[in-house]
Protein chains: 2
Amino acid sequence: MLPDQTLPREAADSRNGADAPRASTTRNGLKITTDRVNIREVAEQAKVSVATVSLVLNKSPRISRATSLRVQKTINDLGYQPNRLAQSLSGRYTYSFAILLPALRHAFADAYFGEIISGICDRAGKMGYKVILEQAKPQYIKDRKHVELFERRFVDGVLCAGFNDKHRFLADFGECKCPMVLVDNKVASMDHVVCDYRLGAEQALNAILQLGHRSVALIYAAPESQTARQVAEVYARKLADAGIPFDKALTEDGCFTDIGGAAAAEKLMKRRPDITAILANNDKMALGAIRYLQTSGRNVPKDVSIVGFDDLQHSAFANPSLTTVHLPLYEAGGLACERLLERVHGKIDRISENLPTHLVLRESTSLAPILSAAAESARQREPAPATPGSQRVGGHDDGNRG
Amino acid sequence: MLPDQTLPREAADSRNGADAPRASTTRNGLKITTDRVNIREVAEQAKVSVATVSLVLNKSPRISRATSLRVQKTINDLGYQPNRLAQSLSGRYTYSFAILLPALRHAFADAYFGEIISGICDRAGKMGYKVILEQAKPQYIKDRKHVELFERRFVDGVLCAGFNDKHRFLADFGECKCPMVLVDNKVASMDHVVCDYRLGAEQALNAILQLGHRSVALIYAAPESQTARQVAEVYARKLADAGIPFDKALTEDGCFTDIGGAAAAEKLMKRRPDITAILANNDKMALGAIRYLQTSGRNVPKDVSIVGFDDLQHSAFANPSLTTVHLPLYEAGGLACERLLERVHGKIDRISENLPTHLVLRESTSLAPILSAAAESARQREPAPATPGSQRVGGHDDGNRG
DNA sequence: TTCGTTTAGTAAACTGGTTTAACGGTTGAG
DNA sequence: CTCAACCGTTAAACCAGTTTACTAAACGAA
């Protein structure tokens, strides 16, 4: 009622310092606090200034060991924990990253993204960072919510997976100087951490060619994606090196989905029934292709061998289990996270990491049919080149080229 | 140098009001602002108070239409966006939820959790909430980081998936009055949104029994989990209703994994080679079981029928494709998210939702072997009860019991 | 003894919003 | 023609931290 009843904060606080015996419930005569203990109560209790408590929290060397210990004890006694909203508001960092994925149906249920996300979350957790999940739906991009992540201080950085050249909004991050790292894809000259698809393709095709296959098809996807193009390039080159001319009829888009893979396999086999091996740009399409081949009465691997890309966890439990190029997606996620943090902390070097792949030989590949009979009769002379089972074909490939 | 050079904020600001022509770069004579436009600049430009801008932002009815439009225009002109750290610090909400998962290896790569996460993220996005990802590692729980999520104001609520009775830390949320909803599991009397495992088990067993199977095994997992126990209960009851006595030798723990499922199938078949049908508590174990059966020379479904639980996306592309109980995990995630928000906004009703399942008939089930021959000769009289392919066996089951 | 130089700690500005009590002006009832 | 009620707006307290410029005390050297 009286106009002078509202006192400036300092006055009210000092009055409280005299009145209240231990604080923690009532703050000044007028209002009741919201239970949680804050930095001012710690300061009061420890008989130091708020600034000192803050410096202790941030391990500043300007605080003596004695004071630091005393404040630390008060912090423990009171069970004080700093409010991170206040910390981030006045401090430099939010200690959060976002993971941005394409607007696919149930995107987070995809094992490919799942591996990347797991890698990011584990590493981020170790670095003291939280991870938030975002999906780049068309409206989301139109509203520029991806830039808003930075402008409204949701995050310090963004990790993008599953995008390619046609996703023009990726350039926005660069323009706004927002730290962003692409995971397992490259676009223009943006920062990225990728699996070595070139190496993977070499490993897959070496295996296929060594098994004697000559009619080798490729189920590709998203030619807008640099990594996908690299696989196609290596496919063409490796076949050429083996004296097999490139034939467009041997390639088909599988849209990265199992249904797409099945449809692609159908088109391929109808066009070229002589195909004995198919390389697919991911495991989903490979499993889709196997599904089609089996439905259409063919045997995998006896009639047609299949090789995938990814090495998803359930590919080992397919029937037949899938021979595939293992991509270190978990590791790529973790590394991207680490590099992103360095960037946030001011490091300006371009981020461009290439992680080696390796081939996992399982049951979906075998000798080319023509060679099978020959091998049968020749068996007494030497064993078959590849024995089934899950065996890793290791490390670096020579990768010889012109 | 001079002690009186540092003026109180008001003085400095008013001085700036006279000096600076349009603000936005220099704030007072002494310091340069950090580029982003804040609410005070908007207020200045619109010639209203900061409070008014805030009220306009929050669509308070106390502001006249004219003023609101004018302020809105200034906001658009300046491209102002409120800093959400400041909003959350002074406001009531953080507008963030956490998803807490168990500390499994690469937890986010699991399609089961993926479906739930997708459901949560989509719904949270629509409600204007961000979602952060957390994993309940042992050290995490020891450090009480799960409670810290609330204490340090990271989130307004938590959604937990993949836990059961033995995860005692779940009780901490209740004690601290922290809004938490369990997704697809029940523990004690905590708030939850679950799939109706009882109904699902009925649907699966109805199908199995109708196909004439009498030796039906169960691959269960996590008996600490209420939903898992429900499936086991319905399994025992349904068999009893069909005059088949319960036999512990027909049940085996599969640990929810594909490897565990394969191992369980092996133990079961060695103990009871007469088994002709197996119900597994999730798709992973079902696929693992199929894998073992095929490796050991049996045909699925001719020798043994398999039914799973989950209906993960890739189960339709297995060979044979999996007959399974579809769990509305995506929907459960979304609904849990919605209920959690209501709870955060003060609604106190207990949250207990049960979402109906349905059976998806695919290729991994067929007539019991004994009946197959009989059906063959009887074919001219009536068709086989179930035709293969992916057909949904709809809606609610009668679920008759004592 | 006196004058720099550390050292340890603090007051106060600062981050950018929300919210509440109050205020001046207009309107309606008595 | 008052007085009360209402309406739109605002000043200032408030959320809970970080950071900077300053100061008092202790120290060492001249």
Side-chain angles (χ1 to χ4, degrees), chain A residues 1-14 27-28 30-31 33-34 36-43 46-58 60-68 70-71 80-94 151-153, chain B residues 1-13 27-28 30-34 36-43 46-58 60-68 70-71 80-94 151-153:
Chain A
M1 310 301 178
L2 298 167
D4 52 20
Q5 191 158 19
T6 55
L7 304 162
R9 194 199 312 204
E10 280 66 39
D13 272 8
S14 61
R27 176 85 128 269
N28 53 36
L30 306 168
K31 199 181 170 184
T33 61
T34 53
R36 295 225 44 77
V37 24
N38 61 28
I39 199 171
R40 288 169 226 276
E41 288 177 42
V42 175
K47 308 221 185 293
V48 293
S49 73
V50 168
T52 303
V53 179
S54 177
L55 292 173
V56 168
L57 278 174
N58 295 294
S60 162
R62 280 170 43 201
I63 301 296
S64 73
R65 192 163 162 67
T67 309
S68 178
R70 183 157 46 92
V71 172
Y80 167 73
Q81 287 177 302
N83 178 319
R84 66 65 99 127
L85 289 170
Q87 286 185 312
S88 294
L89 177 61
S90 57
R92 206 186 307 278
Y93 307 115
T94 66
E151 292 177 336
R152 299 192 56 201
R153 299 218 48 194
Chain B
M1 313 297 178
L2 299 167
D4 50 19
Q5 190 157 24
T6 55
L7 303 164
R9 196 202 304 205
E10 282 64 41
D13 272 6
R27 175 85 127 272
N28 52 34
L30 305 168
K31 201 180 169 186
I32 295 181
T33 61
T34 53
R36 294 226 44 76
V37 24
N38 62 26
I39 198 170
R40 287 169 229 277
E41 288 176 43
V42 174
K47 308 221 184 295
V48 292
S49 74
V50 167
T52 302
V53 178
S54 178
L55 292 172
V56 168
L57 278 174
N58 295 294
S60 163
R62 280 168 42 200
I63 300 295
S64 72
R65 191 160 164 68
T67 309
S68 177
R70 183 156 47 92
V71 172
Y80 166 72
Q81 287 177 301
N83 178 321
R84 66 62 97 128
L85 289 169
Q87 285 185 311
S88 294
L89 177 60
S90 59
R92 206 187 305 279
Y93 307 116
T94 66
E151 293 177 337
R152 298 191 56 200
R153 300 222 45 197

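Scope of the values below: all heavy atoms of this structure, side chains included, with no hydrogens, waters or symmetry mates. Per chain, numbering begins at 1; letters A, B, ... match sequence-line order.
Put simply, CG on B:Leu55 is 10 Å from C1' on D:dG8, counting in whole angstrom units. In this structure, A:Ile63 atom CD1 and D:dT19 atom P are separated by 13 Å, rounded to whole Å. Between B:Gln81 atom CD and C:dG17 atom P there is a gap of 10 Å when expressed in whole angstrom units. When the C1' atom of D:dA16 is taken as reference, atom CZ of A:Arg153 falls 14 Å away, rounded to whole Å. We find that CD1 of A:Ile39 is positioned 13 Å from C1' of D:dC15, with the value rounded to whole Å. Counting to the nearest Å, the P atom of C:dC14 and the CD atom of B:Glu41 are 14 Å from each other. D:dT10 atom C1' lies 16 Å from atom NZ of B:Lys47, rounded to whole Å. When rounded to the nearest whole Å, the span between CG of B:Asn38 and C1' of C:dC14 equals 11 Å.
Residue A:Arg152 holds its CZ atom at 10.0 Å from CZ of B:Arg36, rounded to the nearest 0.5 Å. For the atom pair B:Leu89 CG and A:Leu89 CG, the distance stands at 6.0 Å (nearest 0.5 Å). In this structure, the separation between CZ on A:Arg84 and OG on B:Ser88 is 8.0 Å, given to the nearest 0.5 Å. For the atom pair OH of A:Tyr80 and CD of B:Glu151, the computed distance is 12.5 Å after rounding to the nearest 0.5 Å.
In terms of phosphate contacts, B:Asn83 brings no side-chain nitrogen or oxygen within less than 4.0 Å of OP1 or OP2 of C:dG16. Contact annotation: A:Thr52 does not reach the phosphate of C:dG9 (side-chain N/O to OP1 or OP2, under 4.0 Å). Taking 4.0 angstrom as the limit, A:Asn58 places a side-chain polar atom (N or O) nearer than this to OP1 or OP2 of D:dT18. In terms of phosphate contacts, A:Ser54 brings no side-chain nitrogen or oxygen within less than 4.0 Å of OP1 or OP2 of D:dG17.
The side chain of B:Arg40 lies closest to C:dG16, out of D:dA11, D:dG8, C:dG16. Checking D:dT9, C:dA11, C:dT20 against every side-chain atom of B:Ala51, the shortest atom distance belongs to C:dT20. When each of C:dT18, D:dT10, D:dG8 is scored by its nearest atom to the side-chain atoms of B:Val50, the top-ranked nucleotide is C:dT18. Listed nucleotides D:dT19, C:dG16, C:dA22 differ in distance to B:Arg62; the shortest reach to its side chain belongs to C:dA22.
B:Leu85 and B:Asn83 make their closest contact through N-OD1, 2.7 Å (heavy atoms, listed as atom of the first residue, atom of the second, distance). When all heavy atoms of A:Arg70 and A:Ala46 are compared, the closest pair comes out as NH1-O, 2.6 Å.
Within the 4.5 Å cutoff, side-chain heavy atoms of A:Ser54 are placed close to those of A:Ile39.
Counting any heavy atom pair closer than 4.0 Å across all strands shown, A:Ser64 reaches sugar-phosphate atoms only and no base atom.
Interface residues of residues 85-94 of chain B facing DNA chain C, ordered by number: B:Ala86, B:Gln87, B:Leu89, B:Ser90; criterion, heavy-atom separation under 4.0 Å.
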